[in-house]
J.: 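Structure below; questions to follow.
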There are 2 protein chains.
Amino acid sequence: MARSRSEAALIQVDTDPTYKRVAKAIEEAIMSGRLKTGDTLPTETELAAQLGVNRSTVREGIRALENADLIERGGAKRLIVRVPQASKIAWVNTRALGLMNVSFLDLWELQLQVEPFAAAVAAERIEPELLEALRENVARLAEHLDDDEKVTSNDIEFHRLVAQASSNAALSLVSEPIRVLLFSATIDLYETVPQARHRLLEAHRAILAEIEKGDSAEARRWMARHIEDFRRGYEVAGYDLRAPIPIDPRTQDHFG
Amino acid sequence: MARSRSEAALIQVDTDPTYKRVAKAIEEAIMSGRLKTGDTLPTETELAAQLGVNRSTVREGIRALENADLIERGGAKRLIVRVPQASKIAWVNTRALGLMNVSFLDLWELQLQVEPFAAAVAAERIEPELLEALRENVARLAEHLDDDEKVTSNDIEFHRLVAQASSNAALSLVSEPIRVLLFSATIDLYETVPQARHRLLEAHRAILAEIEKGDSAEARRWMARHIEDFRRGYEVAGYDLRAPIPIDPRTQDHFG
DNA sequence: GTTGTTGTATTGTCGGACAATGTAATTGTC
DNA sequence: GACAATTACATTGTCCGACAATACAACAAC
C-alpha cells in the first residue's frame with residue numbers, strides 16, 4: 001500500500017478528459033463565488049476561446065453542470081448561474097435511492113426520525129402563508145378522498161409543506177426523496193385498505209391543528225403516530241416491508 | 001387558468017431539446033429495468049443510429065447521466081450501467097446545500113436527529129468488518145490528535161462508518177452531505193479550541209464502546225451528547241451559528 | 001506464463017456548417 | 001419623443017466529417 005503510493009506519487013497527472021475539466025473549471029468558479037447566482041456566463045464560443053478548447057467540448061462540459069442544476073439557459077439563451085432547485089436535486093436522490101434497492105423499512109425508519117422533527121419545528125416557526133397552504137391542502141384532501149391518485153399527491157404535498165414550514169432548507173432537501181419514494185410506493189394501497197384514507201385525513205387534521213396552536217411537542221407526537229400508522233397500513237395491505245421499493249414510473253411526476 | 005390549459009392542450013408537444021430527450025430515453029430504460037446494473041450500452045455510433053440523431057447529440061445526452069452517476073465508462077470504454085455511488089450523489093447534495101446558504105444551525109439540528117439514530121441502529125446491526133474499521137479509525141484518531149486536517153477527516157470517517165453500520169443506504173446518503181458540510185466548516189476550530197480534540201476522542205471511544213456492547217440506547221445517548229457538544233465547541237470558537245456555512249474548497253476532498 | 005506486436009474498434013477532440021430563434025438596432029408612425 | 005414594426009445580428013442546437021489516442025483482443029516471441 002505504502003509502496004504503491006510512493007511509486008504512483010511521482011506526479012499527480014490530471015488524466016480527466018477535457019470536457020470534465022471544463023465542467024470543473026466552471027463549477028469551481030461558481031463554488032468559490034467568482035460567479036454569483038444570476039450572473040451570466042460567456043457564450044459558448046467565448047468560453048471555448050478562453051479555455052482554449054473546441055465549442056463541442058465546452059458543450060459537453062456544460063451538460064454536466066446543467067444536470068446538477070447549477071446553471072440554466074435563461075429566458076434569453078445565455079447561461080446563467082443559479083442556486084439549485086431543491087426539487088431537481090431531490091429527484092437525483094430519489095432516482096439513486098430507487099436504484100440502490102432500499103427497502104420500505106429503511107426509508108420508513110428514517111422518516112420516523114425526520115418527519116416528527118419537521119412537524120415540531122414547523123409548529124414553532126411556521127409563516128402565515130405556509131399555514132394557509134396547509135389549511136388548503138387539508139381541505140382539498142377532504143374533498144377528493146375517493147381519488148387515490150389525488151390522495152397520494154396531496155399526502156406528499158402536506159408533508160412537503162410541513163418540511164418547508166420548518167424553514168430549514170436542508171431538512172426539505174433530505175426529507176423529500178424519502179417521502180416521494182415511500183408514498184408513491186403506496187398508490188394502490190387505498191384500494192386494499194380503504195379505511196386508510198380516513199385515518200390519513202384525521203391525522204393531517206390533527207397535525208395541522210397542533211401546528212396552528214404552535215404546540216411543538218404535540219405536533220411531533222401526532223406526526224410520529226401518523227408515520228407509525230402508515231407502516232401498519234403498508235403491512236395490512238400485504239406488502240413486504242423488506243423488499244426493495246419499486247420505482248414507479250409516475251414517481252417523477254411528483255416533482256417540479 | 002382553465003382556459004389557457006384547454007387551449008394549450010391541443011397537443012402536448014415535447015419541446016425539450018434533442019439531447020435531453022436522449023438522456024431521458026436512456027434514463028427511462030435504466031429506471032424501468034430494461035437496462036440493468038452492469039449492462040453495457042451500445043456504442044455512441046450505434047446509439048446515434050438507433051435514436052436517429054447525430055453522435056454529438058448523443059454525447060451531450062450522455063454527459064448528463066454520467067454526472068448523475070447512472071452510467072460510467074467501464075474498464076474498456078464502453079458505457080456500463082451502474083448503481084449510483086453514494087459518495088457521488090452526496091457530493092451533488094453537498095454542493096447544493098452549500099449554495100442554498102444553509103446555516104450551521106439548520107444542519108446541526110438535522111444532524112441531531114439523524115446521527116444518534118444511526119448510532120442506535122448501528123449498535124444493533126453492525127457487522128464485524130465495520131466494527132473493525134471503527135476500531136482502527138479511533139486508534140488512528142488517537143495517534144494523529146495534533147494534526148487538524150487529519151482529525152477532521154477522521155471525524156467524518158467515524159460518523160460515516162457508523163452510518164454504514166446501520167445497513168441503511170438511505171441513511172448513509174442523507175447523512176453524508178450534512179456531515180461533510182458541518183465538519184469541514186470546522187477545520188480551523190481546533191486551533192481556537194484545542195481541548196475539543198480530546199473531547200472528540202473521548203466521545204468516539206464511548207460511542208464505539210456502546211456499539212461494541214450492542215447497547216442501542218446508550219449508543220444513541222452518547223452520540224446525542226457528542227453532537228450537542230460539537231455545537232458548543234462551534235459556539236465557543238466564536239462562529240456565528242446562523243450565518244450560511246461557507247463552502248470550503250477542500251470540501252470535495254472528503255469524498256471518494 | 002509473461003512480455004511484445006499488430007490490428008481493430010471506440011472514444012475524445014476538433015473544425016466547420018446551417019437552421020431556428022431570441023436580442024438588439026433600426027426604421028416608421030403617431 | 002414614445003411606441004410599434006422590421007431588420008440585422010448573435011447564439012444556440014444539431015448535424016457532418018475527420019483524426020489522434022487509446023483500450024482490447026488475438027496472436028507471436030521469449
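Nothing here was measured: the structure is a model prediction, and the numbers come from that model. Here is how names work: the chains are called A, B, and so on, in the same order as the sequence lines, proteins then strands, and each is numbered from 1.
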J.: If the threshold is 4.0 Å, N to carboxylate O, is there a salt bridge linking Asp16(A) and Lys24(A)?
T.: yes
J.: Going by ring-ring contact (aromatic ring centres under 6.0 Å, His included), name the residues that satisfy it together with Tyr190(A), two or more places apart in sequence or in a different chain.
T.: none
J.: Would you kindly give the CD1-to-C1' distance between Ile80(A) and dG22(C), to the nearest whole Å?
T.: 15 Å
J.: Measure CZ/Arg78(B) against P/dG12(C) and give the value in whole Å, please.
T.: 13 Å
J.: Tell me what Thr43(A) touches on the nucleic acid: a base, only sugar-phosphate, or nothing, going by heavy atoms under 4.0 Å.
T.: sugar-phosphate
J.: Can you tell me if the side-chain N/O atoms of Ser56(B) get under 4.0 Å from OP1 or OP2 in dC15(D)?
T.: no
J.: Mapping Thr57(A) and Pro42(B) onto DNA chain C by nearest heavy atom, which one lands closer to the 5' end?
T.: Pro42(B)
J.: Looking at DNA chain D, which of residues 44-54 of chain A put a heavy atom within less than 4.0 Å of it?
T.: Glu44(A)
J.: dT12(D) P sits how many Å from Lys20(B) NZ, rounded?
T.: 14 Å
J.: Quick check: any donor-acceptor pair below 3.5 Å linking the side-chain of Arg63(A) to the base of dT12(D)?
T.: no
J.: The side chain of Arg59(B) is closest to which nucleotide in this list: dT14(D), dT12(D), dT11(C)?
T.: dT11(C)
J.: Decide yes or no, distance alone: a donor-acceptor N/O pair under 3.5 angstrom between the base of dG12(C) and the side-chain of Arg55(B).
T.: yes
J.: So, Glu66(B) and Arg63(B), do they make that salt bridge, N to O below 4.0 Å?
T.: yes
J.: Using the C1' atoms of the five pairs at each end, what is the angle between the end axes of the helix from dG1(C)-dC30(D) to dC30(C)-dG1(D), to 10°?
T.: 20°
J.: Are Glu60(A) and Arg21(A) ion-paired here, with the side-chain N under 4.0 Å from a carboxylate O?
T.: no
J.: Quick one: Asp16(B) CG to dT12(D) C1', roughly how many Å, whole number?
T.: 15 Å
J.: Hey, is Glu27(A) close enough to Arg95(B) for a salt bridge, meaning N to O under 4.0 Å?
T.: yes
J.: Tell me: OH of Tyr19(B) to C1' of dA20(C), nearest whole Å?
T.: 15 Å
J.: Counting heavy atoms from C-beta on, name the nucleotide in dT14(D), dT13(C), dG13(D) closest to the side chain of Arg73(A).
T.: dG13(D)
J.: Using a strict threshold of under 4.0 Å (side-chain N to carboxylate O), is an ion pair present between Glu157(B) and Arg160(B)?
T.: no
J.: Going by ring-ring contact (aromatic ring centres under 6.0 Å, His included), name the residues that satisfy it together with Tyr239(B), two or more places apart in sequence or in a different chain.
T.: Tyr234(B)
J.: With Phe158(B), which residues qualify under ring-ring contact (aromatic ring centres under 6.0 Å, His included), at least two apart?
T.: His204(B)
J.: So, using side-chain contact (heavy atoms from CB on, under 4.5 Å) as the criterion, who are the partners of Gln111(B) when residues are at least two apart?
T.: Trp108(B), Glu115(B), Ile178(B), Leu182(B), Phe183(B), Ile227(B), Phe230(B)
J.: Within this structure, what is the CD-to-P distance between Glu60(B) and dT13(C), rounded to whole angstrom?
T.: 14 Å
J.: Grab the CG-P distance between Leu41(A) and dT11(D) for me, whole Å please.
T.: 14 Å
